[in-house]
Amino acid sequence: RRVVSARVYQERSGWDMPSINPECCVAQCMLRFAQIPYEVAVADPGRNLPVVQLIFARGPSTICDGLGEFIRGMKDGGYDVDR
């Protein structure tokens with residue numbers, strides 16, 4: 001299973017700007033570094049951010065609730081994220 005794209009759900013800050021949540025920034029940097037195209041959407045309030053939907057080349061997509069689950073999802077998708 002290989003991650004082919006993703007959607008990052010995060011809260012919306014003032015003036016319609018993207019989140020400045022550090023964990024959301026880490027998730028986006030990891031996706032950019034892995035060259036995985038992604039889009040950003042507004043999450044439901046009260047979620048453990050970031051919420052990331054990983055879309056795989058084969059099989060169903062995975063919803064990762066929080067940075068820890070996102071890292072595990074990237075590992076499951078074949079990425080070495082321990083370095």
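Just the heavy atoms: all of them, side chains too, but no hydrogens, waters or symmetry mates, feed the values below.
- If you chain together hydrophobic residues whose side chains sit under 4.5 Å apart, Val26 and Ile71 fall into the same group.
- Residues Val3 and Ile55 are members of separate hydrophobic clusters, defined by side-chain heavy-atom contacts under 4.5 angstrom among Ile, Leu, Val, Met, Phe, Trp and Tyr.
- Clustering of Ile, Leu, Val, Met, Phe, Trp and Tyr by side-chain heavy atoms under 4.5 Å joins Phe33 with none of the others.
- Applying the salt bridge (charged side-chain N to carboxylate O under 4.0 Å, His left out) test to Arg7 and every residue at least two apart in sequence or in another chain returns Glu39.
- Of the inter-residue distances, the one linking Ile63 atom CD1 with Glu69 atom CD reads 10.0 Å to the nearest 0.5 angstrom.
- Across all non-hydrogen atoms, the minimal contact from Phe56 to Gly77 is CE2-CA, 3.8 Å.
- Every residue meeting the side-chain hydrogen bond (donor to acceptor under 3.5 Å, both in side chains) condition with Gln53, not counting sequence neighbours, appears here in chain and number order: Ser61.
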From CA spacing to verdict: side chain to side chain contact (heavy atoms under 4.5 Å, CB included), Phe70, Leu31: CA-CA 10 Å; Phe70 168 68; Leu31 290 167; 4.0 Å; yes
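- Here Val42 is tied to no hydrophobic group at all, with no ILVMFWY side chain closer than 4.5 Å.
- Applying the salt bridge (charged side-chain N to carboxylate O under 4.0 Å, His left out) rule to Asp76 yields no partners; only residues at least two apart in sequence or on another chain are considered.
- Atom CE in Met30 sits 13.5 Å away from atom SG in Cys25 (nearest 0.5 Å).
- In this view, Asn48 and Asp65 satisfy the side chain to side chain contact (heavy atoms under 4.5 Å, CB included) rule, not counting sequence neighbours.
- Side-chain contact check for Gln10 and Glu23: no donor-acceptor pair (N or O, by modelled atom type) lies under 3.5 Å.
- When side chains are defined from C-beta on, Cys64 counts as touching Thr62, because their heavy atoms get closer than 4.5 Å.
- No option in Val40, Val52, Leu67, Leu49 other than Leu49 meets the side chain to side chain contact (heavy atoms under 4.5 Å, CB included) test with Cys24.
- Residue Tyr38 is grouped with residue Val81 when hydrophobic side chains (ILVMFWY) are merged at heavy-atom distances under 4.5 angstrom, including chains of intermediate members.
- Atom CZ of Arg2 sits in a crowded spot, with more than 12 heavy atoms from other residues, nucleotides or ligands closer than 6.0 Å.
- With values rounded to the nearest 0.5 angstrom, Leu54 atom CG is found 9.5 Å from Tyr79 atom OH.
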